[in-house]
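See structure below.
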Amino acid sequence: MTLLLASVHAGLLLAGWHWGWPWAAGGLTAVWIGLTACTLYPHCRLFGSATRCFPCASRSVILTIDDGPSADTEEVLALLAAHEVRAVFFLIGERAAQRPEDVRRIVAAGHLVGNHTQTHACYWYWSFPPWRQRRELRQCQHTLSAITGQIPSLFRAPAGLRNPYCNIIAAEFGLTVTGWRARGFDGVNNPLEKILATLRRGLCPGAIVLVHQGRPQAPEVLRRVLEMLAADGWSTTLPDAWLPPRQCAGAQPSGL
Ligand SMILES: [Zn+2]
């Protein structure tokens with residue numbers, strides 16, 4: 001990607017030399033507007049894909065829960081157990097280190113744990129240079145694998161925002177970049193009915209569903225989402241490709 005960007009810039013410099021600098025400046029502006037737009041649009045595929053759906057003929061979806069662990073973890077787990085649902089928890093490393101028992105409870109209940117960076121710098125992660133993204137992923141991998149004995153294989157960027165290096169660095173850690181197909185923007189203070197209606201519009205067979213924990217109305221949102229899925233005839237599943245988790249080899253996880 002670095003080589004590609006360098007080539008584009010070199011090409012624009014050559015164009016400026018041949019046809020005039022206004023052309024080069026215009027081209028440079030267009031390139032950076034395009035890069036910024038893709039960075040701020042989570043579903044943009046220019047920098048690599050983020051899995052949003054799995055091929056699925058049945059009426060099944062994959063539930064993912066971001067931003068834990070948090071004080072509501074026990075309540076969240078109880079809701080999932082009541083509905084016999086297994087989910088993927090995209091956990092923040094710093095919070096996991098503060099609540100290791102919550103992380104162990106999540107895994108013991110049969111859920112998967114994914115990397116959601118160490119600090120969850122949701123406003124700035126998209127602007128991080130490669131070395132800093134690498135540190136975020138490495139620290140979170142260490143934190144989660146030290147607690148669970150399993151090396152996460154799934155990654156979700158904070159707010160889903162990715163720059164040109166994000167997928168490349170995730171691949172270095174063997175992480176699959178995971179997006180979503182259905183969400184209700186429950187991370188902000190939207191009315192519950194609006195959250196449900198928005199999320200419902202994104203549902204389709206194999207869709208990855210995104211909700212959050214750690215917010216005041218999070219358990220209620222989850223309860224209503226689970227009830228809505230059941231009422232609409234949707235079951236939940238975990239793709240075979242995500243199972244089983246990679247086990248740590250001894251005390252020190254390999255590949256980190
Ligand atoms: Zn998040």
Side-chain angles (χ1 to χ4, degrees), residues 41-45 48-69 72-91 105-116 150 152-157 159-160 162 170 175-188 190-215 217-246:
Y41 178 59
H43 303 321
C44 178
R45 300 174 68 90
S49 63
T51 307
R52 302 181 63 198
C53 276
F54 273 84
C56 186
S58 64
R59 209 169 159 78
S60 292
V61 297
I62 298 113
L63 181 65
T64 65
I65 302 173
D66 282 13
D67 293 357
D72 57 10
T73 297
E74 203 166 330
E75 194 174 355
V76 166
L77 289 175
L79 284 166
L80 295 174
H83 287 264
E84 299 182 344
V85 165
R86 292 175 71 198
V88 182
F89 285 74
F90 283 96
L91 301 180
R105 273 191 210 107
I106 289 169
V107 173
H111 306 291
L112 293 184
V113 163
N115 184 322
H116 200 34
Q150 300 170 357
S153 58
L154 304 170
F155 167 69
R156 177 171 284 155
R162 295 171 294 138
L175 290 162
T176 299
V177 179
T178 313
W180 60 83
R181 177 68 173 75
R183 71 165 171 178
F185 295 92
D186 60 314
V188 290
N190 274 322
L192 188 51
E193 296 305 325
K194 186 178 177 184
I195 290 170
L196 295 171
T198 305
L199 191 150
R200 181 184 256 148
R201 282 197 294 273
L203 295 175
C204 64
I208 295 176
V209 177
L210 164 62
V211 296
H212 293 81
Q213 65 174 118
R215 290 164 172 77
Q217 65 172 352
E220 181 63 10
V221 169
L222 178 61
R223 185 179 70 78
R224 292 289 301 275
V225 167
L226 291 170
E227 289 173 358
M228 180 183 76
L229 291 174
D232 289 355
W234 293 100
S235 63
T236 57
T237 186
L238 289 179
D240 290 341
W242 290 358
L243 302 169
R246 296 177 292 169

Okay, side chain of [X], backbone of [Y]: is any donor-acceptor separation there less than 3.5 Å?
| X | Y | value |
| --- | --- | --- |
| Arg59 | Asp232 | yes |
| Arg156 | His116 | no |
| Gln150 | Val107 | no |
| Arg162 | Gly48 | yes |
| Arg52 | Trp180 | yes |
| Arg215 | Gly187 | yes |

Other residues, nucleotides, ligands: >12 heavy atoms within 6.0 Å of Glu227 CD: yes
Between [atom1] of [X] and [atom2] of [Y], what distance do you get to the nearest 0.5 Å?
| X | Y | atom1 | atom2 | answer |
| --- | --- | --- | --- | --- |
| Arg181 | Leu210 | CZ | CG | 13.5 Å |
| Leu199 | Asp186 | CG | CG | 8.0 Å |
| Leu192 | Arg224 | CG | CZ | 5.0 Å |
| Leu80 | Phe89 | CG | CZ | 5.0 Å |

Does some side-chain heavy atom of [Y] sit less than 4.5 Å from a side-chain heavy atom of [X]?
| X | Y | value |
| --- | --- | --- |
| Leu91 | Pro69 | yes |
| Val177 | Thr51 | no |
| Leu226 | Arg223 | no |
| Asn115 | Leu154 | no |
| Leu63 | Val88 | no |
| Val209 | Thr236 | no |

For [X] and [Y], work out which heavy atoms get closest and say how close.
| X | Y | answer |
| --- | --- | --- |
| His111 | Ala87 | ND1-N, 3.0 Å |
| Pro205 | Ser58 | CB-O, 3.3 Å |
| Leu79 | Pro219 | CD1-O, 3.4 Å |
| Ile62 | Gly206 | CD1-O, 3.5 Å |

Using a distance-only test with no angle check, is there a side-chain donor-acceptor pair under 3.5 angstrom linking [X] and [Y]?
| X | Y | result |
| --- | --- | --- |
| Gln213 | Asp72 | yes |
| Ser235 | Ser60 | yes |
| Thr198 | Arg183 | no |

Given Ile65, Asp67, Leu222, Thr64, the one that forms side-chain contact (heavy atoms from CB on, under 4.5 Å) with His212: Asp67
side-chain contact (heavy atoms from CB on, under 4.5 Å) between Phe90 and Thr178, worked out: CA-CA 10 Å; Phe90 283 96; Thr178 313; 3.7 Å; yes
